[in-house]
Amino acid sequence: MAAARGRGWARSQPCALALAAALAVCAFYYLCGGGETFSSATRRLRATPPAPAHRHPQRGEAAAGGRDLHLLMMFTKAERSPALRAKGQAALRSMLRHGRLAGGDALHLHLVTEGASRDIGLGLLRDALRGAAFPHQVIVHDVNELTEKLFPIVEAMQKHFSAGSGTYYSDSIFFLSVAMHRIMPKEITQIIQVDLDLKYKTNIRDLFEEFDNFPEGAVIGIAREMQPVYRHTFWQYRRENPQTKVGEPPPDGLPGFNSGVLLLNLEAMRQSKLYNQLLEPAMVQKLTEKYHFKGHLGDQDFFTMVGMEHPELFHVLDCTWNRQLCTWWKDHGYSDVFDQYFQCEGEVKIYHGNCNTPVPDD
């Protein structure tokens, strides 16, 4: 869902995941000064009654009737990668250039980072948000604390969906979205997680409105994978089940998902008995055995496998919300069917430059 996480490049080709990312909520940083610890901010949210309509909202707080827009992106190892910094800058600039919030809305930008990358990321955000006319807030997440929380939840699934041969502690970061509902405070009911190798061509608020289109029972919004990567990954299951739709191209097939853009309805995830059962090690083992599944793309693999079994858990985003540009699989054995996966009609809203593919200029 890509640059900051090292996933965008890895998702669309069978290479090891690049760059370990990190998490853990540590503090709120307001762009114009001030700040408070995450725990104190959470206590304040829980203790404060709903604001009366006439009260002027505080910085970073939606006015009565407005919408809190939570957007999360990962930004790690940036001090070692000028290319990553450039991608992050381009993504933020394009998002803010087209961003228009409705009256009363507030944008909460969650930055997953660590060490020197934290200062670089905050600098990029300050530059991008300078002069923004709407309430905004930056929430900094640091590496080790959230990884520590994630590891017990996702350890069992890592051996099935990680690049390495073992369940490395650091691999947990690539499963943040899978267990986000157990990590974020309950006051956050919806959040969008995005990769950094994106370029926005439309208002980010329109993407949040996709939450309103979730069918009953859906907990996650996600676009289809636009290469035959899962046609390849499910080869054994497809051979044993020649009439299956698994791995077949759209519109009738099940090509799998790409997690460069993820809409996470955290409240629905918390309430879904089915979804939480699927996180249990025994269920993960059962499904991986059924589909002979072995992946290396983290959360994307998990969502794809679950989607084969329980498509009702997902709201499928139109391809224009995650128009992937990588063509790696076209030159690696699938040129005859590639275009069936890669085609995308309609005006593109978000370009995804996965596997370091250049995105179109404005």
Side-chain angles (χ1 to χ4, degrees), residues 1 7 10-17 147 150-182 217-220 222-225 227-250 252-259 262 264 268-270 272-316 329 332-334 337 341:
M1 245 230 312
R7 298 187 317 171
R11 284 191 187 111
S12 297
Q13 52 184 327
C15 306
L17 285 168
T147 302
L150 279 171
F151 185 67
I153 304 171
V154 304
E155 178 184 9
M157 67 177 65
Q158 289 181 202
K159 65 181 180 181
H160 303 291
F161 313 122
S162 296
S165 58
T167 56
Y168 300 112
Y169 179 78
S170 60
D171 284 347
S172 299
I173 204 58
F174 299 111
F175 298 88
L176 171 62
S177 60
V178 170
M180 186 90 75
H181 61 302
R182 298 187 183 179
V219 301
I220 292 168
I222 189 171
R224 294 184 177 98
E225 172 61 42
Q227 294 196 88
V229 56
Y230 291 111
R231 186 185 187 98
H232 182 84
T233 305
F234 285 102
W235 69 268
Q236 185 173 349
Y237 181 83
R238 288 170 52 80
R239 185 178 65 181
E240 296 173 359
N241 300 271
Q243 303 304 315
T244 186
K245 293 184 178 182
V246 170
E248 287 291 296
D252 299 323
L254 299 171
F257 294 129
N258 182 281
S259 54
L262 282 171
L264 305 172
M269 293 168 74
R270 293 170 186 132
S272 174
K273 182 178 179 180
L274 172 60
Y275 181 77
N276 286 284
Q277 286 176 338
L278 291 166
L279 299 182
E280 297 298 324
M283 290 299 295
V284 173
Q285 183 68 31
K286 180 180 178 180
L287 289 181
T288 55
E289 290 177 355
K290 174 180 178 177
Y291 290 104
H292 308 293
F293 193 95
K294 176 60 180 175
H296 65 281
L297 302 178
D299 59 354
Q300 176 172 306
D301 286 335
F302 176 77
F303 294 144
T304 289
M305 187 185 71
V306 168
M308 301 301 173
E309 192 78 4
H310 295 287
E312 70 274 15
L313 288 172
F314 300 92
H315 167 59
V316 179
W329 285 95
H332 292 81
Y334 292 94
V337 297
Y341 294 83

Excluding sequence neighbours, so at least two apart, what forms ring-ring contact (aromatic ring centres under 6.0 Å, His included) with His315? Phe214
Is any side-chain heavy atom of Leu287 closer than 4.5 Å to one of His160? no
Quick check: do Leu278 and His310 have side-chain heavy atoms less than 4.5 Å from each other? yes
Provide the closest heavy-atom pair for Ser172 versus Thr147 in the form atom of the first, atom of the second, distance. CB-CG2, 4.1 Å
List the residues meeting ring-ring contact (aromatic ring centres under 6.0 Å, His included) with Phe234, not counting sequence neighbours, and say none if there are none. Tyr291, Phe293
Sole candidate of His292, Gln285, Lys286 that passes side-chain hydrogen bond (donor to acceptor under 3.5 Å, both in side chains) when paired with Glu289: Gln285
Heavy-atom closest pair, residues Lys290 and Tyr237: O-CD1, 3.4 Å
Using 0.5 Å steps for rounding, measure from the CD atom of Gln158 to the CD1 atom of Ile173. 10.5 Å
Heavy-atom pair of closest approach, residues Leu262 and Asp299: CD1-OD2, 3.7 Å
Between Phe174 and Leu297, is there a side-chain heavy-atom distance shorter than 4.5 Å? no
First locate atom CE of Met269, then atom OG of Ser177, and finally report the distance between them rounded to the nearest 0.5 Å. 7.0 Å
Is the shortest side-chain heavy-atom distance between Pro249 and Val337 below 4.5 Å? no
